Amino acid sequence: MARTSEMAAQISNYEAAASFYELAFYMDLEDDPFRGRAYERAARAIESSPQSIIALYKKGGVDELQTLPGVGKAIAKKLQDLFKTGRIPTLEKLQAKYPIKLSELLSVEGLGPRRIKTLYEKLSVKNLEDLETAAKTGKVRQLTGFGEKTEEKILQSLEFLKAEKGRIPLAIAIPLADQFQHALASVEGVEEVYVAGSIRRGRETIGDIDLLAITSNPRQVIDTFTSLPQVVAVHQKGEVKASIRHKSGIDADLRVIQKGSMGAALMYFTGSKEHNVALRTIALSKGMHLNEYGLFKKEKKTAGEQEEEVYKTLGLPYIPPELRENRGEIEAASKNSLPHLVELTDLKGDLQVQTSWTDGANSITEMVQAAKTFGLEYIAITDHTKSLAMTGGLNEEKLRTQMKEIDKLNQQSDGFRILKSAEVNILKDGSLDIDDQTLGDLDAVGAAVHTNFNLPREEMTRRIIRAIENPNVDILFHPTGRLIGQRPPYQVDIESVIEAAKRTDTILEIDAYPERLDLKDEHARMAVDRGVNLCIDSDAHSKEQFPYLQYGVTQARRGWAAKESIVNTRSVDEFLRYVKH
DNA sequence: GCCGTTTTCGGCCCGACTGTTTTCAGTCG
């Protein structure tokens, strides 16, 4: 079905980038790897552009598109085709030539472009089903370059793909990584064990766990690693490197490192790959050479033991791991304009906390005690409101009763402040389910969508904007409503919501609840770029959940947020002055 | 297909490991 131009106008950066990733893959099939790298580079630039590229195009046509790094005349033209007609003829020709389910087949471990091409040409393998049939009937092993073991690995990977979707949430990966770290740290000869990879970068989901060890006894740490009780399969086992599958289904890699290379190795294995590629290119331009062992000039090592030292020798300040995605951090670093990122210790308050008045597990007093212990100076009590019947949402009358109780608790307090607030439900038409007079008496008002998730994009966007235009609303809670791995975000034009938040001076929340992390990093960055204020909330439903704030801080850091962008780094009086102005 | 403070042509990041080979292609990160 051909898209109309109106539909094409909705193509997101993500969708456009996907087309170029696909083109890149086809170039690999066509034995044109350099053109493939070019498409890949353009795809990354499109994906990570802080503004929508269709807006770029509307502003200045193909010339404006060519300001993106890696986008030249030919790719700009393809983007123009995509915007105007919803199609890229080159891509359609290739899709017709190779009618295969690309992303499916690429998700199989051990399959890359070359093998996928062979499987298609020799065995007509187009998708996972074809692949499974071919492997089960022993046809794969007969192909040149394949063998029994490859066939067996393909079958194993197919089983895994059926059982799992591949990535696990950060909050689940961290404790697993800690377990490995402790187990390996106690091996004789081990000096230090580090967790690198996407966990260190704080990505919201994790594909595998990367571990680095400094040891005088590589063999023993590798042997220990591959024979831990939680290990169900060993993929690789060499002199300095091993790779295993944890019983949870997640893979973990261990690499043994010399102390003098630790900084270079940490950088290399922290990634991202794109960040590393960019750094290596800088090294080359300075007549140097960067790998996981160090930074070299000719044969001579010029840096390697510390990350700071490697960055410095490349002419850059230290770049925090959360920023290492090649989304402009290297350019910012070279201009010395990296933000000073927010830290957990900067947070003074938490603006979304549930209690046993609705669906929380603990009383206001218990939540206050836990917040104090965690080191906070104030929290907002934000129980659900009446239209959310399943949580026993509060009506105006109950809210007023709760306000009185909070006043009483504050009078007995030793300086800790409890703010009167609510998580007000945004109704289908964008109105709120609590009257304005009651809202006006609260210290702060958070609003959120909890019902009618499936509205069309325009209607959902209008609904949310109408809600934040209500002068009583101070914060938009979990702005996109997604639950990682369970529920996609509702259809909403987040850029318009950010614009509206700027106009109405509404705070957008980064909800730190592990399955929410909403706003996500790139949207947080859009908001920061536009000068919109954010808050980081635990969304705690029990007294144990304040540590979730760390995940929110990580997410905010990935969104380039400095302390100044996060309103709950302010004292309670400053915060109240801000929301009352 | 993109790009340029040696280049408008000739480059394009790089090393470990595995399996299938008998010296290396393919994949991965």
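Per chain, numbering begins at 1; letters A, B, ... match sequence-line order. Hydrogens, waters and symmetry mates are skipped; everything else that's a heavy atom, side chains included, is used. Note that the structure is a prediction, hence the values are computed from the model and not measured.
Rounded to the nearest Å, the gap between the C1' atom of B:dT5 and that of B:dG1 is 24 Å. The separation of B:dT27 from B:dT20, taken at their P atoms, amounts to 13 Å, rounded to a whole angstrom. Comparing B:dG10 with B:dC17, their C1' atoms are spaced 32 Å from each other, to the whole Å.
Contact annotation: A:Lys153 does not reach the phosphate of B:dT27 (side-chain N/O to OP1 or OP2, under 4.0 Å). OP1 or OP2 of B:dG15 has at least one side-chain nitrogen or oxygen of A:His289 nearer than 4.0 Å. Proximity of A:Thr144 to the phosphate of B:dT20: no side-chain N or O atom is located under 4.0 Å from OP1 or OP2.
In the set B:dT20, B:dC3, B:dC12, B:dC12 carries the atom at the smallest distance from any side-chain atom of A:Phe34. Side chain of A:Gln236, nearest nucleotide from B:dC17, B:dT27, B:dC3: B:dC17. Of the candidates B:dG19, B:dG29, B:dC17, B:dG29 carries the atom nearest the A:Asp210 side chain, counting heavy atoms from C-beta on.
Rounded to whole angstrom, the span from the CG atom of A:Leu284 across to the C1' atom of B:dC3 amounts to 15 Å. In this structure, CG of A:Leu295 is placed 13 Å from P of B:dG15, rounded to the nearest angstrom. When rounded to the nearest whole Å, the span between CD of A:Glu292 and P of B:dG15 equals 7 Å. B:dG19 atom C1' lies 15 Å from atom CD of A:Glu109, rounded to whole Å. Here B:dT27 presents its P atom at 18 Å from CD of A:Gln156, a figure rounded to the nearest Å. Straight-line distance from the OH atom of A:Tyr39 to the P atom of B:dC12: 20 Å, rounded to whole Å. Atom CG in A:Asp253 sits about 14 Å away from atom C1' in B:dG15, given to the nearest Å. Here B:dC3 presents its C1' atom at 15 Å from CG of A:Leu68, a figure rounded to the nearest Å.
A:Arg255 and A:Glu292 are joined by a salt bridge, as a carboxylate oxygen and a charged side-chain nitrogen come within less than 4.0 angstrom of each other. A salt bridge is defined here as a Lys NZ or Arg NE, NH1 or NH2 lying under 4.0 Å from an Asp or Glu carboxylate O, and A:Arg557 with A:Asp521 fails to meet this definition. Between A:Glu495 and A:Arg530 a salt bridge is recorded (basic side-chain N to carboxylate O distance below 4.0 Å). Of the charged side-chain nitrogens involved, at least one lies within less than 4.0 Å of a carboxylate oxygen, so that A:Glu307 and A:Arg324 count as a salt-bridged pair.
Mapping A:Glu148 and A:Gly112 onto DNA chain B by nearest heavy atom places A:Glu148 closer to the 5' end of the strand. The residue among A:Ala74 and A:Glu151 whose nearest nucleotide of DNA chain B is located toward the 5' end is A:Ala74.
Evaluation of atom-type donor-acceptor distances gives no pair under 3.5 Å for the side chain of A:Tyr293 against the base of B:dG15.
The partner of B:dG29, taking Watson-Crick or G-U wobble pairs whose two distances both stay under 3.5 Å, is B:dC14.
Here the two rings, on A:Phe180 and A:His246, have centers that are under 6.0 Å apart.
Between the side chains of A:Thr554 and A:Gln550, a donor-acceptor pair is found at a separation under 3.5 Å.
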